[in-house]
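Since the structure comes first, as structure tokens, the remarks are kept for the end.
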Amino acid sequence: MCDRFCRFSVSLLLFLLLAMFHVAGLAKDASERPEAIDFPKDIAWLNVSRPLSLDDLRGRVVILDFWTYGCINCMHVLKDLRRLEEKYGDDLVVIGVHTPKFDNEKNIDTLRRIIVRYGIEHPVANDRESVLAALYGMRAWPTQYVIDAEGRVLGKVEGEGNFDVLDRVVGELLAEREGDGPAARLPLKPEKAFFAGSLLAAPGKVAVGDGRVAVADTLHNRIIVAGTDGKIVRIVGSGKAGLVDGAPDKARFDVPQGLAFGDGVLYVADTGNHAIRRIDLADGSVKTIAGNGRMASHAPAIFEATSTGLRSPWALARQGNRLYIAMAGDHRIWRLDLDQGKIRPWAGDGRESIEDGEIRAASFSQPSGLALHKGQLYVADAEVSAVRRIDIEKERVETLVGKGLFDFGDVDGGFDSARLQHVLGIAVRNDDELYVADTYNHKLKRLYLNNRRVETVAGTGKPGRGSGRALEAALNEPGGLAVLDGDILIADTNNNRIMRYDPEKRELSEWVLRK
């Protein structure tokens, strides 16, 4: 759970009242519940044709979901909320109150793309300055407040794993509801038409190996395999979300991300399914090799790979018979023995923090990118906006760039003073050059390992869509990187394209996939 460290003032009276009515038990006298706070007039809305007010919600049970889109815990909760929406229909409305942590998350156009990417169809209010969050006393991501059909606040839950509690409470509130329920339908206007007709939809990761390039076509729930010239060799996945092995046109993925080539195979971090999949490059067939499709947390131990639950695997790196996994959801690096079919947490103690040292005592924060080079495993550690390095033989972690959960920015220079913003991708070009997708700064940055300096090489710092001279060409949340013939391939996620950066010419061009 992402702590806010009380960075805004709290409405003390409401906070104390809410403490009396935690959703663990309903207040016997509904009249004692505090009145909900209406939405600020100047707040921006998505997925609706006009701003909403509490009057629009009368007769329905309401869940206010305070979230921020880069938070892995918030992503996990979305599935629980979707289950509740499907169960209760028009009697329940979820309102997403997007309360940004990072500066980049305040951008309404970017948030619109994220809503489509995450499949959110309920109304979303962009509380970009945390005004509503402060009034409610929200202190952590994610937090859900429950409001009864008369517009009174019952209480809140924080973090993940609260489906059963919310399900029970919503049912009880609907049972006590007076009247016939909601009088009118909400003015919903989904943003999901944004991706219509696009070959790629929010590509998350890209990989190069075995004379091929693979792209995680994340929102289309499939993997595209092409030659190094961009000609598509095979598309794996039916396009429908699910966990199904088998032939390439029958298999199903759920928002796949990380990719790593092996000997005649391609490994896939199937993030939404909490699984690791293997694609046979000869016939395109898919097999699940780790994960049972369920999200789970584990103490350090060795597990049978296919019988244990995982937690949002996001990136992969292969070294011989070992597959390293950035397990974003539990803030650790895992290792899968490909020969024995055994898997275990390998680096990190599971705390969401940034601590160096011996791997079992070190800590990470939503690791989301991996790259291997000469016995060193480089990690893009997203929530602390950091670049980490693990010496595999010595089993020790060190931080190259980054300080803490709320230490982020867009600053080049020496490793100690440089700042990044929610990095998701990483690639090693040679012994000296390390590239990172500085995702929320919309930039590609190069780290010189020998003189310990960071420089921007592509992107303007603002979201956009461009090409040509790299420092003048805009990107939009680049998410994954790979090296192709000395150039850097970039998954330009929010632009639905793959870009190619030429370090010698310092130019950025689209790497075009074609059938």
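The basis for the numbers below is simple: all heavy atoms, side chains too, and nothing from hydrogens, waters or symmetry mates.
- Cation-pi check for Arg277 over Phe253 is met; the charged atom lies under 6.0 angstrom from the ring centroid and within 45 degrees of its normal.
- Under the 4.0 Å criterion applied to side-chain N and carboxylate O atoms, Asp90 and Arg60 are assigned as salt-bridge partners.
- Checked options Thr439, Asp103, Asp410; the residue passing with Gln421 is Asp103 (criterion: side-chain contact (heavy atoms from CB on, under 4.5 Å)).
- Scored by the side-chain hydrogen bond (donor to acceptor under 3.5 Å, both in side chains) test, Asp381 finds Arg388 as partners (sequence neighbours excluded).
- A cation-pi arrangement is found for Arg83 relative to Phe163, the charged atom lying closer than 6.0 Å to the ring centre and inside a 45° cone about the ring normal.
- In summary, the aromatic rings of Tyr324 and Trp346 are positioned with their centroids under 6.0 Å apart.
- Comment: Glu191 does not engage Arg113 in a salt bridge, judged by the lack of any side-chain N to carboxylate O separation of less than 4.0 angstrom.
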- Could you check Thr308 against His298 for side chain to side chain donor-acceptor pair (under 3.5 Å), going step by step and ending with a plain yes or no? CA-CA 9 Å; Thr308 189; His298 300 285; 3.0 Å; yes

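- Relative to the ring axis of Tyr435, Lys445 does not place its NZ or CZ within 45° and under 6.0 Å from the centre.
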- Begin with the C-alpha distance, continue with both residues' side-chain angles, and end with the deciding distance and a verdict on side chain to side chain donor-acceptor pair (under 3.5 Å) for Arg311 and Ser297. CA-CA 7 Å; Arg311 199 171 186 86; Ser297 297; 3.3 Å; yes

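- Side-chain rings of Phe102 and His422 approach one another, their centers coming within less than 6.0 Å.
- A salt bridge links Glu477 to Arg117: one of the charged nitrogens lies within less than 4.0 Å of a carboxylate oxygen.
- Residue-environment remark: CZ (Arg294) stays at or below the threshold of 12 foreign heavy atoms within 6.0 Å.
- In this pair, Trp334 and Phe303 present their aromatic rings parallel. The plane angle is below 30°, not in the 30 to 60° band.
- Aromatic rings of Tyr440 and Tyr69 (six-membered ring for Trp) have centroids within the 6.0 Å cut-off, being under it.
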